[in-house]
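Okay, so here's the structure we're looking at.
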Amino acid sequence: MTKGELAMPLTLTPNFSEAGKRYFRAFSPGDDFYEMLIDAHRDLDDGESAMLNAQLILLLANHIGDLAVLREALAKAREGA
Amino acid sequence: MLQTYTYPKYPYVQPAEQKERVARRYPVVIVGAGPVGMAAAIDCRLHGIPVVLLDEDDTVSIGSRGVCYAKRALEILDRLGVGERVVAKGVSWNVGRTFFHEEEVFNFNLLPEPDHKRPGMINLQQYYLEQYLVERCVELGVDLRWKNRVVSVQRMSDQVRLTIETPDGTYGIEADWLIAADGAKSPIRKLMGLEVEGKIFHDRFLIADVVMKADFPAERWFWFDPPFHPNQSVLLHRQADNVWRIDFQLGWNTDPEEEKKPEKVIPRIKAMLGDEREFELEWVSVYTFQCRRMQEFRHGRVLFVGDAAHQVSPFGARGANSGIQDTDNLVWKLKLVLDGKAPEKLLDTYSSERVAAADENILNSTRSTDFITPKSNTSRLFRNAVLTLAEHHAFARALVNSGRLSVPAFLTESPLNTADEDEFAGRMVPGAPMDDAPVGLPDGGKGWLLDQIGGQGFQLLYFTDVAERLGDRLERLRELTVDAVPVEPLIVSEKAGSVAGARVLHDLMHLVAKRYDAREGSVYLLRPDQHVVARWRKFDAHKVRAAVARAICNQ
Ligand SMILES: Cc1cc2nc3c(=O)[nH]c(=O)nc-3n(C[C@H](O)[C@H](O)[C@H](O)COP(=O)(O)OP(=O)(O)OC[C@H]3O[C@@H](n4cnc5c(N)ncnc54)[C@H](O)[C@@H]3O)c2cc1C
């Protein structure tokens, strides 16, 4: 699919996986991610954690790239804030 | 407090050898008549092994303790002969509700996957499970000795010697093999100077068994940070006899003795249920927990099972469930070693396979614990963000971790497996715990695949359209039954049928073939504990025999 062909909607269904890894249980890839996320913050104070989060958002936003998707994600996140 | 259950008191009888002052030797002695030790004892008897089971106490588990018994444990209990009673007495539930602050954020319906005999889990107080197991032990002639406390262990190269204390003094006993099922505090482990390593969680939970006077739905309710118990979690679960189990997270800085007092507990429950509901307290306890395991579960002639070998947090109900799976893995191996048909190193694979399973259980229950009781502000923030998103978005619901259903490990790394050489789809890979499916039985009745598998020996599923057309392949299949380690062929036939000298299972709904991705001529070699060993697209007796040899370390 080339860019602009289809507006990519924001994925809101479970979507975690790892190439080459076989999961026998549906909950495993999401739980793998969540543990990585919490582990990344280990031993950081609140300020350091906030800085990590900010950088993480920027890295992921650039990776996604599509502003339509990012706009939708930002709006959804703001609803619950 | 109210009593819905009367604790049995089992009789102490002075052991004959104590009276006669002679030490007797037994092939297997088991220490600890908890659910795991009893499952081991029953399985030994089903294998024809004489067994002595020692317990320092003379009754069943006090208080409900374990409540959720999962599908895999129920399948094993079926084989042991108590599954039906446990399921009949237990409570099935499907609806789970998750609350965050005041509101319900979502609910789920755990509808069991259709066409399996057993549901994902049932709830039952642990004392009922233990009572049924005791009765089954007695029925099968287990030499069950109450008020027999092990006070010393002496390891020799060819046996283990125990000193046992009874109300009449001490006596000695000798065992070829000792199964240590003496619980989380395992005196055997301590007497042998062995370590158990892992993580202690700095948290306390109050658990209460409550008898409801009025109707209340059979659902699982889980609260994160509710107004009636701020900053903590609460779980409500239904058990048999209208008894409800409530778990309150208390935090570390609380006084357990103080929290257990009815004048503290009752207001908490009132705040949770609303004042108008009538209930009575039956049992209250405060517990802390740990996630840890021994490095190895085999130490020479001593085999550790259940809580003695590994402990998990209760989230995900993996304690008794995984302990029962330990014995399922162990006993068929022990039988082959006792009979001189397999080398002792087969028992090392009991350790390696169940260590892998314990690690999976520890991983999953630690993750649940970390989600339920976040350890830092950031962890709490993410947890709350997940719960907030969960109200609207499926991906976030999948991340809410209030305990993952206890499921059996896929032993994909086991040295006992023979790797695939043919292409198969689906998840019944070598090492997989078998999926169930409905089948037509040789006597014309309807039954279940898993009830036909396991216990005594290896089996080979042979898939075909019409059993009667097997011709001379049947001869070759039948030759496997007279090997030193026999393999029973089981014909899975798309059409009902029968052949001389082998059982035919009718694949009533074509679900066996579907779940095992089988075609005409596909074969599956199965272990006595209902795990897949190997599979091929075409039957080859040499390959089957080589895979059996590998599966018992006889290569
Ligand atoms: C609050 C709570 C909730 C739980 N919920 C669940 C759940 O939902 N599902 C689940 O599967 N598990 C659950 N568990 C875990 C479950 O209760 C344990 O995993 C299970 O009891 C372990 O069984 P066991 O036979 O290994 O040990 P135990 O049940 O502890 O039995 C050990 C036995 O050894 C005996 N013994 C000890 N020392 C000696 C000695 N020196 N000589 C002779 N006998 C001795 C004891 O008398 C005892 O009978 C829960 C536990 C708790 C505390």
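The chains referred to below are lettered A, B, ... by the order of the sequence lines, with proteins before strands, and numbering in each begins at 1.
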Winner by heavy-atom pair count (cut-off under 4.5 Å) against chain B, out of A:E35, A:R22, A:R25: A:R25
B:A357 backbone acceptor or donor facing B:N361 side chain under 3.5 Å: yes
Residue B:D370 versus chain A: region with a heavy atom under 4.5 Å: neither
Among B:K375, B:R383, B:R404, residue most engaged with chain A (heavy-atom pairs, under 4.5 Å): B:R404
Check: B:D115 side chain, B:A437 main-chain N or O, donor-acceptor pair, under 3.5 Å: no
Among the listed options B:P374, B:A396, B:A385, B:G426, the residue most often paired with chain A at heavy-atom distances under 4.5 Å: B:G426
Charged N-O contact under 4.0 Å between B:K117 and B:D436: no
B:Q232-B:D225 side chain donor-acceptor pair, cut-off 3.5 Å: no
Under 4.5 Å from a heavy atom of chain A, the part of B:S376 involved: neither
Max heavy-atom pair count under 4.5 Å with chain A, selected residue of B:V407, B:V386, B:N401, B:L405: B:V407
Test side-chain contact (heavy atoms from CB on, under 4.5 Å) applied to B:T366 and B:L363, B:I362, B:N364, the passing residue: B:I362
Exam field: side chain B:Y516 to backbone B:D435, donor-acceptor pair closer than 3.5 Å: yes
Contacting moiety of A:L37, where chain B heavy atoms sit under 4.5 Å: side chain
Centroid separation B:F100 to B:F224 less than 6.0 Å: no
Per-residue contact mode, B:R367 against chain A (heavy atom under 4.5 angstrom): side chain
Proximity breakdown for A:R42 and chain B, heavy-atom pairs closer than 4.5 Å: neither
Residue A:N53 versus chain B: region with a heavy atom under 4.5 Å: side chain
Contact origin within A:L12 toward chain B - heavy atom pairs under 4.5 Å: both
Options A:D45, A:D31, A:T13, ranked by heavy-atom pairs under 4.5 Å with chain B, top entry: A:D31
Contacting moiety of A:Y34, where chain B heavy atoms sit under 4.5 Å: side chain
Closest-packed option against chain B by number of heavy-atom pairs under 4.5 Å, given A:L44, A:D32, A:L52: A:D32
Pair A:H41 + B:F382: ring centers closer than 6.0 Å: yes
Region of A:N15 that comes under 4.5 Å of a non-hydrogen atom in chain B: neither
B:H237 and B:W93 aromatic centres sub-6.0 Å: yes
Presence of salt bridge, B:E75 and B:R118, under 4.0 angstrom: no
Structural part of A:D43 lying under 4.5 Å from a heavy atom of chain B: neither
